[in-house]
Amino acid sequence: MKILTAKVGNLLIGGGNPVVVQTMCNTHTADIEASYAQCERLARAGAQMIRLTTPSVSDVEALGEIRKRLRANGIDTPLVADIHFRSDVALAAASVVEKVRINPGNFHKDPQKAAEEFARLIEICKEHGTAIRIGVNHGSLGERITSLYGNTSEGMAMAAMEWLQMCKENDFYNVVVSLKASNTIVMVQAYRILLQKMREDGIIFPLHLGVTEAGNGDGGRIKSAVGISALLNDGIGDTIRVSLTEDPQAEIPAAYSIIECCPAMAERCPANPSPSDSWEKHIISEACKYGKDLMDRKIDDFTISSEYGAAKDEYLKDEILQAARRRFYRPEYIACPGCGRTMYNLEATFQQVKARTAHLKNVCIAVMGCIVNGPGEMADADYGYVGEGRGLVSIYKGQNAIYRHIPENEAIDKLLQLIESGE
């Protein structure tokens, strides 16, 4: 069995090295001043790797300038270019930053052309010492994979294995893999299937863990802790990101706390420069304690007794059960953390949606930052609010857009009308 280590700038990922904590900017990458300032703040708060959305070649140029300024100011935190639909942008970014993230389901619809473009990307990465993350997302697997496996955990794992095979064919091993979903069960199953496939193949690539579109507040932290800790507690995982619909700096202490609360990672726990407050640490600790056994159905119930009192204890228990998908006491929310593609106030809108739908049960509602990935990555949602840009919004039922080009000031009303009509 060969266990690989990826090198991303000054970081080593996998191979028994400490788990790496990363986050992602929510600024527009083209806004160099804002992006640089946020990168600097995140690095000083403990982010060991920072990702920025890179939708165009002009964003690659901005990314290069941001990196240059960071290095000039003594900040050597590796940067990651986040690429979806533009293989030409991936090729350009590979010579600028330490790591390029691609989504296989979005890279190219034609499998042969995708393989050719990926081979070109690998050659550039070899030349510049750049790492690649193969970032598979539930809901954006591509037509060929879903036709073979459906939109399933197995489909996610098999998509990753196909691209890992291309890496091996091109003699390239500086690779990290992620299989993210907003559904914690789908996410955990996908990683377990992938790990088994890699073991059968004889080569273990480093794994990046995360529950995508986890939301915000206690719920987002608990959902992330339940999913990520279920794997970390099995000794699975080499780098993590907690995706919160908040200032990205808030993701950092939550991530460190999750690692600290997993006994299997005691020897791989990184030094924590920004500890969580007592309540955040408490809810993450309890989620890590019970989440894995709930999802594996080793337990059906548990009791929390803490200094915060019976009401808080019962609330936390309900949240953990919901995150593990064992009992739903409120709506399920899917909300992306926002990035440079987001063209509206995502945090404020999500808070309004939660406030106005809190009375509902047995419904899953998504609030997504952009039309680029929103419709695909809210695969589990019953209803969705998806920003179009220019002050307009699309309202979805399942995967179908029921209303398009709705002004933002009318969009939540339209969403509520659609849910309440039951159409």
Side-chain angles (χ1 to χ4, degrees), residues 138-139 151 180-188 210-227 242-246 254 283 286-287 290-291 294-295 311-338 342 344-369 373-387 393-403 406 408 410-423:
H138 184 228
N151 191 25
K180 292 190 177 182
S182 61
N183 180 314
T184 51
I185 292 175
V186 170
M187 170 259 192
V188 169
V211 178
T212 193
E213 285 98 31
N216 66 357
D218 293 349
R221 287 160 174 77
I222 292 165
K223 191 174 185 180
S224 294
V226 165
V242 175
S243 298
L244 297 177
T245 312
E246 299 178 21
I283 65 175
E286 296 297 312
Y290 298 111
L294 285 167
M295 286 201 290
K312 284 280 194 179
D313 291 341
E314 193 62 25
Y315 155 77
L316 178 52
K317 177 180 174 179
D318 285 340
E319 284 290 328
I320 293 171
L321 286 166
Q322 175 128 349
R325 306 187 72 81
R326 295 298 303 275
R327 186 173 73 208
F328 295 90
Y329 82 105
R330 59 161 174 79
E332 179 77 354
Y333 295 105
I334 298 172
C336 70
T342 304
Y344 70 100
N345 191 330
L346 180 63
E347 291 183 48
T349 299
F350 182 41
Q351 285 294 93
Q352 291 178 48
V353 170
K354 288 176 70 175
R356 295 186 62 183
T357 59
H359 62 288
L360 301 173
K361 290 186 179 181
N362 301 315
V363 63
C364 182
I365 302 168
V367 180
M368 307 301 288
N373 297 305
E377 295 183 7
M378 61 180 196
D380 294 325
D382 299 307
Y383 300 92
Y385 177 115
V386 182
V393 174
S394 289
I395 304 297
Y396 279 71
K397 181 175 183 182
Q399 294 296 294
N400 300 312
I402 306 302
Y403 304 115
I406 304 298
E408 284 182 31
E410 302 174 14
I412 297 179
D413 288 338
K414 281 288 188 182
L415 174 65
L416 267 292
Q417 289 171 18
L418 181 62
I419 294 172
E420 292 168 356
S421 71
E423 293 178 1

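Legend: residues meeting side-chain contact (heavy atoms from CB on, under 4.5 Å) with D382, ordered by chain and number and at least two apart, are V363, C364. Under the salt bridge (charged side-chain N to carboxylate O under 4.0 Å, His left out) criterion, E319 pairs with R330, sequence neighbours left out. With sequence neighbours left out, the side-chain hydrogen bond (donor to acceptor under 3.5 Å, both in side chains) criterion links Q322 to E332. Listed by chain and number, the residues in a side-chain contact (heavy atoms from CB on, under 4.5 Å) with A366 are I334, M368, M378, A381 (sequence neighbours excluded). The ring-ring contact (aromatic ring centres under 6.0 Å, His included) test applied to Y396 returns no partner, not counting sequence neighbours.
Between Y290 and L321 the shortest side-chain heavy-atom distance does not fall below 4.5 Å. Side-chain contact between Y385 and E408 is present, with heavy atoms from C-beta onward closer than 4.5 Å. The shortest side-chain heavy-atom distance between I365 and L415 falls under the 4.5 Å cut-off. Residues V386 and V393 fail the side-chain proximity criterion, which asks for heavy atoms closer than 4.5 Å. Side-chain atoms of K180 and V211, non-hydrogen and from C-beta on, never get closer than 4.5 Å to each other. Side chains of I402 and I395 form no contact here, defined as non-hydrogen atoms less than 4.5 Å apart.
Note that the CD atom of Q351 and the CG atom of L346 stand 10.5 Å from one another [nearest 0.5 Å]. We find the CD1-CD1 distance between I320 and I283 to be 8.5 Å, quoted to the nearest 0.5 Å. The OH atom of Y329 lies 14.0 Å from the CG atom of N362; values are rounded to the nearest 0.5 Å. Considering OG1 of T212 and NZ of K223, their distance stands at 9.5 Å, rounded to 0.5 Å. In this structure, the separation between CZ on R327 and CG on D318 is 5.0 Å, given to the nearest 0.5 Å. Distance check, rounded to the nearest 0.5 Å: CG of N400 to OH of Y383 gives 12.0 Å.
Shown here for V226 and A323, the closest heavy-atom pair between the two residues is CG2-CB, 3.8 Å. A pairwise comparison of heavy atoms in G220 and L244 identifies C-CD2, 3.7 Å as the closest pair. Of all non-hydrogen atoms in G227 and V188, the two that sit nearest each other are O-CG2, 3.6 Å. The heavy-atom pair separating S243 from P337 by the smallest distance is CB-CG, 4.2 Å. Closest heavy-atom contact between G369 and Y344: O-CE2, 3.5 Å.
Between the side chain of T245 and the backbone N or O of C336 there is at least one donor-acceptor pair closer than 3.5 Å. Checking side-chain atoms of H138 against main-chain N and O of N151 turns up a donor-acceptor pair under 3.5 Å. Formation of a donor-acceptor pair under 3.5 Å by the S421 side chain with backbone atoms of L418 is found in this model.
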When the side chains of residues 352-360 are checked against the rest of the protein, which donor-acceptor pairs come out under 3.5 Å, sequence neighbours left out?
| from | atom 1 | to | atom 2 | distance (Å) |
| --- | --- | --- | --- | --- |
| K354 | NZ | N216 | OD1 | 2.7 |
| R356 | NH1 | D413 | OD1 | 2.9 |
| R356 | NH2 | D413 | OD1 | 2.8 |
| T357 | OG1 | Y333 | OH | 2.7 |
| T357 | OG1 | V353 | O | 2.7 |

